[in-house]
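Down below is the structure, laid out as structure tokens.
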Amino acid sequence: MKPGLSDRLARLKKSQSSQPMTRIMSSSTAEGDISREIPSALKDDWKVLDKDLWVMERRCKSPLTDFKSSGLLVKDYPPQDQWLFYDTETTGLSGGAGNTAFLVGIGRPSGDEFLITQYFLRDYPGEPALLHYLKEEIARSELFISYNGKSFDKPLLETRFLMNRISCRMGPQLDLLYPVRSLFKNRLPNCRLGSVEELILGIHRTDDIPGSEIPDIWFEFLKEGSHPDLKRVMIHNDMDILSLAVLLNALENYMHFPDSLPICDSFALGRFLLDRNDPRALSFLESSVDQGDQRGEVLLSLHWKRQGEWEKAVQIWTNILKKRQSPFASVEMAKYLEHKKKDIPAALDIIDHLMRSMRPKSMLQKEELLHRRTRLIRKKETFVADTPCETVE
DNA sequence: CACATGCTTGATCCGAATGC
DNA sequence: GCATTCGGATCAAGCATGTG
């Protein structure tokens with residue numbers, strides 16, 4: 001007779017739950033000693049924390065001493081010592097159970113200092129220990145700051161916790177990738193952290209290791225017990241953590257002083273602020289209009305329209321039409337004339353002129369214009385019929 | 001290669017205004 | 001009372017993109 005499911009689960013649970021801790025405690029001397037020692041190149045910084053787990057701690061000057069929240073990235077920041085910057089180096093990019101974080105770097109501001117701690121997996125059996133230390137760090141943190149962590153690092157770590165039957169929840173996430181994209185997408189070749197460092201923060205890395213080479217270096221290290229580039233991987237991770245802190249400070253500073261960064265995109269900043277109901281949005285959108293940014297004109301005029309500030313909206317549409325042909329501005333003007341000013345002939349003039357001078361981008365646009373035009377003609381005829389002094393042509 | 005996110009576009013619904 | 005139109009809200013789908 002088969003054992004019941006609950007019996008099997010209970011046995012499984014018993015055998016699994018006792019395993020990790022005993023593994024951590026056991027001082028395995030049975031295996032070959034070749035890879036047991038920390039290589040001399042790392043000896044000064046790294047300490048053995050547990051079986052197959054090394055740790056490195058260093059302090060540097062905090063980039064966040066003049067930090068000032070704008071309230072736009074995070075509503076209410078907890079105290080800085082409850083922030084946790086984090087970044088992982090993993091065995092690959094793929095999700096799923098097979099991908100492991102072999103190096104977890106965390107950073108925590110502490111007064112004038114910034115404390116960076118890195119946990120390095122010397123081999124797979126060290127993972128439960130790594131996760132237990134990480135869990136303690138997570139437990140005393142209220143804000144988790146990363147770059148693309150929401151879709152990469154966080155789910156990956158959660159999977160590792162799950163696989164090791166450790167319950168651990170990370171709190172509110174601040175993923176700096178998204179504000180960077182909103183603000184600088186059009187001013188950068190891409191929004192990778194490296195580009196942001198180089199072109200926005202003015203940080204130039206020397207001898208940085210490309211991310212794509214990192215998994216192989218660890219696998220090679222596992223096999224050989226050493227690798228000449230392992231230190232570069234650790235430095236790479238260390239710099240990522242520090243850059244996160246510099247970047248957060250810069251972004252918040254940018255909200256207060258947009259000229260403080262070498263790159264300023266008035267439209268992007270204006271839209272960013274408008275989305276967050278920040279009244280400063282208008283002046284940035286206006287300056288984007290001054291710089292001839294057509295997206296700024298569209299966004300700003302629609303804002304005024306929504307606010308019922310018709311004169312301001314009309315002013316923008318008029319300016320657009322003075323400069324160039326614009327189906328958007330023409331249609332908006334026609335709507336305004338038809339529904340607000342009740343000047344049907346003027347509205348019809350604009351649509352007529354537009355249809356004569358442009359070739360419609362799409363069938364849909366053409367049909368929409370035609371629809372608008374027939375309605376205006378119908379209205380105009382009745383308008384004329386009601387006005388005896390006008391003569392019908 | 002997976003996944004979360006944000007942006008864009010299109011579809012749909014609702015309330016209000018207006019004309020008949 | 002009915003039909004049309006608009007703006008605004010909301011939602012879904014599609015697309016691009018960063019992470020090692």
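The model shown is predicted, which means the values in this text are computed figures rather than measured ones. Residue numbers start from 1 in every chain, and the chains themselves are labelled A, B, ... in the order their sequence lines are given, proteins ahead of strands.
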**Prompt:** Rounded to the nearest Å, what distance is computed from the CH2 atom of residue Trp304(A) to the P atom of nucleotide dG7(C)?
**Reply:** 18 Å
**Prompt:** Taking C-beta and beyond as the side chain, do Asn319(A) and Gln315(A) meet within less than 4.5 Å on heavy atoms?
**Reply:** yes
**Message:** So Ser146(A), base contact, sugar-phosphate only, or nothing? Heavy-atom distance under 4.0 Å.
**Reply:** nothing
**Item:** d(CZ, Arg192(A); C1', dG20(C)) in whole Å
**Value:** 12 Å
**Asked** Is Val246(A) linked to Leu188(A) within one hydrophobic cluster, defined over Ile, Leu, Val, Met, Phe, Trp and Tyr using a side-chain heavy-atom separation of less than 4.5 Å?
**Response** yes
**Message:** When you measure only distances, ignoring hydrogens and angles, does the side chain of Ser151(A) come within 3.5 Å of the base of dG18(C) through a donor and an acceptor?
**Reply:** yes
**Item:** Steps toward side-chain contact (heavy atoms from CB on, under 4.5 Å) verdict (Val104(A), Tyr133(A))
**Value:** CA-CA 11 Å; Val104(A) 179; Tyr133(A) 282 103; over 6 Å; no
**Message:** In whole Å, I'd like the distance from the CG atom of Asp175(A) to the C1' atom of dT17(C).
**Reply:** 12 Å
**Prompt:** Which one, dC6(C), dG18(C), dT5(B), comes nearest to the side chain of Lys335(A)?
**Reply:** dC6(C)
**Request:** Quick one: label Lys154(A) by what it contacts on the DNA or RNA (base, sugar-phosphate, nothing), any heavy atom closer than 4.0 Å.
**Result:** nothing
**Complete:** Whole-Å distance, Gln173(A) CD to dT5(B) P, equals 9 Å
**Item:** Phosphate-side-chain proximity, Thr90(A) and dT19(C), N/O vs OP1/OP2 below 4.0 Å
**Value:** no
**Message:** Distance check needed: dT18(B) C1' versus Leu376(A) CG, whole Å only.
**Reply:** 14 Å
**Prompt:** Are Lys68(A) and Glu252(A) ion-paired here, with the side-chain N under 4.0 Å from a carboxylate O?
**Reply:** no
**Request:** Go ahead and name the base partner of dC1(B); Watson-Crick or wobble counts if both distances stay under 3.5 Å, otherwise write none.
**Result:** none
**Item:** Between P of dA4(B) and CG of Leu93(A), the distance in whole Å
**Value:** 15 Å
**Message:** Mind checking if Asp153(A) touches a base, just sugar-phosphate, or nothing, with heavy atoms under 4.0 Å?
**Reply:** nothing
**Request:** Look at all strands and tell whether Thr91(A) reaches a base, only sugar-phosphate, or nothing, counting heavy atoms closer than 4.0 Å.
**Result:** nothing
**Request:** Nearest whole angstrom, please: distance from the P of dT19(C) to the OH of Tyr86(A).
**Result:** 14 Å
**Item:** Leu177(A), nearest nucleotide to its side chain (from dG20(C), dA4(B), dG18(C))
**Value:** dG18(C)
**Message:** If the cut-off is 4.0 Å, is Lys150(A) near the phosphate of dC3(B), judged by side-chain N/O to OP1 or OP2?
**Reply:** no
**Asked** So does Lys154(A) pair up with Glu158(A), basic N to acidic O under 4.0 Å?
**Response** yes
**Asked** Could Arg122(A) and Phe120(A) be counted as a cation-pi pair, given that NZ or CZ must be under 6.0 Å from the ring centre and within 45° of the axis?
**Response** no
**Asked** Which part of the nucleic acid, if any, lies within reach of Leu156(A) when heavy atoms closer than 4.0 Å are counted: base, sugar-phosphate only, or nothing?
**Response** nothing
**Prompt:** Which one, dG18(C), dT19(C), dG20(C), comes nearest to the side chain of Asp240(A)?
**Reply:** dG20(C)
**Message:** Quick test of your reading of the model: are Asp175(A) and Lys150(A) salt-bridged, counting only N-O distances below 4.0 Å?
**Reply:** no
**Prompt:** Checking only heavy atoms, does the side chain of Arg181(A) share a donor-acceptor pair with the base of dT17(C) at less than 3.5 Å?
**Reply:** yes
**Message:** By the 4.0 Å heavy-atom rule, please label Asn99(A) as base, sugar-phosphate, or nothing.
**Reply:** nothing
**Prompt:** Counting only Watson-Crick or G-U wobble pairs whose two distances fall under 3.5 Å, which nucleotide matches dT4(C)?
**Reply:** dA17(B)
**Prompt:** For Asp216(A), which contact category applies under a 4.0 Å heavy-atom criterion: base, sugar-phosphate, or nothing?
**Reply:** nothing
**Prompt:** Where the side chain of Ser182(A) is concerned, which of dC7(B), dG18(C), dG20(C) is the nearest nucleotide?
**Reply:** dC7(B)
**Complete:** Comparing nearest nucleotides in DNA chain C, the 5'-proximal residue of the pair Gly92(A), Arg372(A) is Arg372(A)
**Asked** Does Lys305(A) put a side-chain nitrogen or oxygen below 4.0 Å from OP1 or OP2 of dG7(C)?
**Response** yes
**Message:** Measure CG/Asp229(A) against P/dG20(C) and give the value in whole Å, please.
**Reply:** 16 Å
